[in-house]
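Atoms considered below: every heavy atom in the structure, side chains included; atoms not considered: hydrogens, waters and symmetry mates.
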Amino acid sequence: QKVEVYGREIQALEYSGPSIEITYSGADRVSAFVNEKEVPVSAAKGFRSSTRRVRISGLPQDERDECKLRMEFADAAGNVLAEKLYELRFVDSRKDLHLLAIGVGGTLDDHTFEPLMYPKYDAREVRNCIVKYSGSYYNLKSQMLLYSGKETKKEWIINELQRLSDIVEQGDVVMLYFSGHGLELDGEYYFIPSDCDASDLQGTAISGVLLRKIFDRISCKDATVFVFVDPCHSEALF
């Protein structure tokens, strides 16, 4: 009984994710071993007649690690019909991700602003969530969380935004999260840092004009920019 294996990933001897799909015919079962350790094999969609497709997981995710894949193909009774050996190479095709999460809460210098309990927690949890779940899609190149003390002052926030716009390269992905107070004055948006003076928004707040210039500077590098804006009046930013 002849076993045939198909699949661009195997033919090219390269892969770029935590798993690969293998299409084969001439066998009922398949087992996979990466560096002689058995790894999960699960059925994938699209079975047709005698052709089967499975997903093999547990491949190394570092181009420096070797990946010797051995597959055993068996009939319904478990008799091994064929064995295939491949030396695969990991190619990281993920885009670089830069993350900046800002949460300005608590009691601000100007007590006319109501203390907000949640912004610093929201910023931290958004950061944690993106770091935890984005690894399969992006290579986390840089991350910064600003949510306490001097980090939430105007100068510090602007410096971090400008630093971010400097290090972003062509094709990168940028995710920005803002949480805290936001105000609209004469049709313009203002994000409120912890040292803002409500009587002088133009001089002490972070204006939408400045934020849009920074966003534009990043996107002009052919980067993809995601902006998550949580404060009040945030629609005025755009």
Side-chain angles (χ1 to χ4, degrees), residues 1-101 124-145 167-175 177 221-226 228:
Q1 188 172 357
K2 184 179 180 182
V3 175
E4 293 188 17
V5 180
Y6 318 93
R8 191 183 312 168
E9 297 91 345
I10 290 294
Q11 293 171 3
L13 300 181
E14 293 181 349
Y15 65 98
S16 59
S19 63
I20 58 175
E21 287 190 358
I22 302 298
T23 304
Y24 66 95
S25 63
D28 296 296
R29 302 177 183 177
V30 61
S31 300
F33 303 83
V34 173
N35 300 329
E36 291 308 315
K37 179 181 179 181
E38 189 167 10
V39 295
V41 176
S42 57
K45 296 179 179 179
F47 291 120
R48 183 182 299 173
S49 64
S50 61
T51 301
R52 299 173 181 267
R53 190 162 77 230
V54 295
R55 184 182 301 275
I56 299 175
S57 305
L59 280 64
Q61 296 297 288
D62 193 314
E63 56 190 12
R64 296 168 294 184
D65 294 336
E66 68 174 11
C67 179
K68 295 182 178 180
L69 173 63
R70 178 168 65 88
M71 293 186 294
E72 292 182 355
F73 297 89
D75 60 18
N79 300 310
V80 177
L81 304 173
E83 183 180 76
K84 303 287 185 178
L85 298 173
Y86 302 94
E87 289 192 12
L88 304 182
R89 183 170 66 92
F90 176 72
V91 178
D92 194 345
S93 62
R94 299 173 300 171
K95 291 187 175 183
D96 287 342
L97 171 64
H98 302 271
L99 168 64
L100 175 58
R124 186 180 63 191
E125 292 307 311
V126 166
R127 188 277 309 267
N128 292 345
C129 181
I130 293 175
V131 169
K132 182 176 181 180
Y133 292 108
S134 66
S136 297
Y137 307 98
Y138 303 109
N139 173 39
L140 186 59
K141 194 75 172 181
S142 69
Q143 60 164 304
M144 181 62 69
L145 173 65
I167 66 175
V168 169
E169 298 181 355
Q170 182 175 359
D172 288 354
V173 175
V174 178
M175 294 188 182
Y177 175 81
K221 294 186 175 184
D222 196 24
T224 301
V225 186
F226 295 92
F228 304 91

Intermediate values then yes/no, side-chain contact (heavy atoms from CB on, under 4.5 Å), Val173 and Phe226 | CA-CA 8 Å; Val173 175; Phe226 295 92; 3.7 Å; yes
Here the salt bridge (Lys or Arg N to Asp or Glu O under 4.0 Å) pairs for residues 76-87, sequence neighbours left out, are Arg70-Glu83
Nearest-0.5 Å distance, [atom1] of residue [X] to [atom2] of residue [Y]:
| X | Y | atom1 | atom2 | answer |
| --- | --- | --- | --- | --- |
| Asn128 | Leu145 | CG | CG | 8.0 Å |
| Glu169 | Asp222 | CD | CG | 12.5 Å |
| Ser57 | Ile20 | OG | CD1 | 9.5 Å |
| Leu140 | Lys132 | CG | NZ | 15.0 Å |
| Ile22 | Met71 | CD1 | CE | 5.0 Å |
| Ile130 | Glu125 | CD1 | CD | 11.5 Å |

So do the side chains of [X] and [Y] get within less than 4.5 Å of each other, counting heavy atoms only?
| X | Y | answer |
| --- | --- | --- |
| Leu88 | Leu59 | yes |
| Tyr86 | Leu13 | yes |
| Val41 | Ser31 | no |
| Pro18 | Gln61 | yes |
| Glu21 | Arg55 | yes |
| His98 | Asp172 | yes |

So, does Asp92 use its side chain to make a donor-acceptor pair with the main chain of Arg94 at under 3.5 Å?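 Such a contact is found between Asp92 side chain and Arg94 backbone.
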Main-chain N/O of Glu63 paired to Arg89 side chain as donor or acceptor, under 3.5 Å:
no
With sequence neighbours left out, what residues match Tyr24 under ring-ring contact (aromatic ring centres under 6.0 Å, His included)?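 Residues passing ring-ring contact (aromatic ring centres under 6.0 Å, His included) with Tyr24: Phe73.
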Legend entry - Residue list, side chain to side chain donor-acceptor pair (under 3.5 Å) with Asn79, at least two apart or on another chain: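 Result, side chain to side chain donor-acceptor pair (under 3.5 Å) vs Asn79: Asp75.
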Check [X] against [Y] and note the closest heavy-atom contact, atom names and distance.
| X | Y | answer |
| --- | --- | --- |
| Val34 | Cys67 | CG1-SG, 4.1 Å |
| Val3 | Gly26 | CG2-O, 3.6 Å |
| Pro60 | Tyr15 | O-OH, 2.6 Å |

message = So for atom NZ, which belongs to Lys221, do other residues, nucleotides or ligands contribute more than 12 heavy atoms lying within a distance under 6.0 Å?
response = yes
